[in-house]
Amino acid sequence: MSELPADRRYTKEHEWAKAAGGEVTVGITAFAVEQLGDITLVNLDVKVGDQIATGKAFGTIESVKTLSDLYAPIAGKVVRVNTELSTKPELVNEDCFGKAWMIAIAPSDPAATDGLMDVKAYGEFLKTAH
Amino acid sequence: MTDASLRRTSLYDEHVKLGGRIVPFAGWEMPVQYTGIVDEHQAVRTAAGLFDVSHMGELRLRGEYAAHVVDYLVTNDARRLVDGQAMYTCGCNERAGILDDLIVYRHTEDDWRIVCNASNREKMVRHFAQAATDHCDFEDESDETALVALQGPRAFDVLAATGEDGAGLRALKSFHFREATLGGVPCTAARTGYTGEDGVEIFCAWDDAPALWRALLEAGRPMGIKAAGLGARDTLRLEARLSLYGNDIDETTNPIEAGLGWVVKVEKGDFVGRAALMEIKARPLPRKLVGLEVTGRGVARHGYPLRDGDGNEVGICTSGSPAPTVGKNIGLGYVPSAMAEVGTGLLVDCRGKNVDAVVVQTPFYKRAK
């Protein structure tokens, strides 16, 4: 598995949240991608300006085998949506920590990501996750 | 998540060695994929793929009346088979509900093999054993019998590369089988499959399967053979519109509405389910299993409701997935006969979101002859 970026936080649902410049970008981890397999469809059901609550589904991701929900790791206002994924779902397989970011949130609580796992904790969590 | 109640085929260690992701399936630990479903799917469509299907059940009926017993339990006409020929069929209950879909092999007039789904093994063992009582010998050979499927346009090149006996299998006709020695392993090769491609399914002794498996992978390496898992098996069979028991067919469905009327021979004489099947055939069908193409943004999955344009629930999706070769999201589902016409628009309820779909011709994929 590829190296986990240390510049962001992680959730037990295998999502990442990267805080920078007052917004938090959200995506899914390589572990999630590996579990899903070939991604064929990404549906992001939020638009810029929507308020989103922690743990609320903001979209779905379909692989050949299965459908999975995407959950907001923190609460806030959606400020950007990666519309490229609607026509290029394969980006998730190719670059889940980069080009395949999904949404960016202006957090209601600036310290919201502090409650998530850091790279070390997530790495430990992965060892037990199966 | 090791579950002691799950069983392993004799190829389990091979799967692990190849990096297969193991999942529970019908009471077995089986590989769902090795390199990736799409990758394995394409290998089968363009070169060759090797599947472990040893979890399936093998039943044996022998004796003077074995042919009668087999023919009485299946909807297709077993009596038209010659030695070394096989056929696809349903086994029904008295109400015409499908107990299982099977392949029946006639070794000789008094020696028959039945292959059933792993999930139905206990049920079919009971069904066949009961019918055989006092008429012929019955044996459940599932525990001693391994089964691998070699499928794809290069399948017979792979067999030829294993040696002379393998090369001779090219002469095998569709749905025929014969004994062969492949990679030093004595086996029975049948020109059958579940992928829509040409190929063989090969039976051998349980403990011989790893030697056979390795010999085929080795021989097929120059042709691009890949081990393929249950995931690719499902997408391949769906593109070819081959039914999956438990999804598209079960005891609540009958062969006629499932589009399997071609394996129902009511004129052949008495068999279990015949009266009910004649009644079904005599009337207009209330519903039919049809092919679907999802034209909106969504993937139809097993169990999703199907709706008409007004949003009324009219049917159910039984199988669905992105189709790697077809390049579309496809599925199968039961709809009222009035909505079964090709071109009919309907909606798939993808967890509360109604997504456009249309009834299409099947199979979704047909190989070039």
Side-chain angles (χ1 to χ4, degrees), chain A residues 1-2 12-14 28-47 50 52 55-72 81-96 100 102-103 125-130, chain B residues 1-3 19-25 29-43 228-239 294-304 317 319-331 348-355:
Chain A
M1 196 174 299
S2 57
K12 287 183 178 175
E13 283 75 39
H14 305 287
I28 66 171
T29 69
F31 179 86
V33 173
E34 198 196 303
Q35 292 299 307
L36 287 164
D38 306 291
I39 308 296
T40 62
L41 196 65
V42 179
N43 273 324
L44 302 174
D45 299 329
V46 291
K47 52 187 192 305
D50 284 356
I52 192 163
K56 184 183 172 288
F58 65 84
T60 53
I61 186 164
E62 300 255 12
S63 67
V64 172
K65 202 64 228 159
T66 190
L67 170 149
S68 191
D69 285 302
L70 298 164
Y71 299 103
V81 174
N82 189 353
T83 50
E84 202 182 5
L85 293 179
S86 70
T87 50
K88 291 184 186 167
E90 65 276 10
L91 284 178
V92 181
N93 287 101
E94 289 162 11
D95 189 12
C96 66
M102 289 168 177
I103 57 172
F125 175 69
L126 279 183
K127 287 178 193 162
T128 60
H130 273 290
Chain B
M1 62 170 206
T2 312
D3 184 338
R21 186 188 304 158
I22 308 295
V23 298
F25 179 82
E29 286 188 286
M30 298 299 287
V32 65
Q33 65 167 68
Y34 305 84
T35 55
I37 294 174
V38 174
D39 190 46
E40 294 159 30
H41 179 110
Q42 304 296 17
L230 293 174
R233 191 169 159 80
D234 191 42
T235 53
L236 289 159
R237 70 91 196 165
L238 181 58
E239 284 186 339
V294 181
T295 50
R297 284 183 61 80
V299 179
R301 304 279 185 187
H302 173 71
Y304 285 4
C317 173
S319 285
S321 138
T325 304
V326 175
K328 291 168 175 167
N329 291 316
I330 61 170
V348 183
D349 180 346
C350 301
R351 303 194 323 162
K353 206 187 282 177
N354 286 331
V355 178

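Chain A is the first sequence line, chain B the second, and so forth, proteins listed ahead of strands; every chain is numbered from 1.
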Nearest heavy-atom neighbours spanning A:V42 and B:R297:
O-NH2, 2.7 Å

Examine whether an atom of A:N43 lies under 4.5 Å from a heavy atom of chain B, and if so say whether it belongs to the side chain, the backbone or both; otherwise answer neither.
both

Flag side-chain contact, heavy atom, 4.5 Å: A:D69 against B:R351
yes

Any side-chain heavy-atom pair of B:H41 and A:V64 under 4.5 Å
no

Here the gap from A:E34 atom CD to B:R21 atom CZ, rounded to the nearest 0.5 Å, amounts to 6.0 Å

Just give me the residue among A:D45, A:L41, A:T60 that pairs up with chain B most often, heavy atom to heavy atom, under 4.5 Å.
A:L41

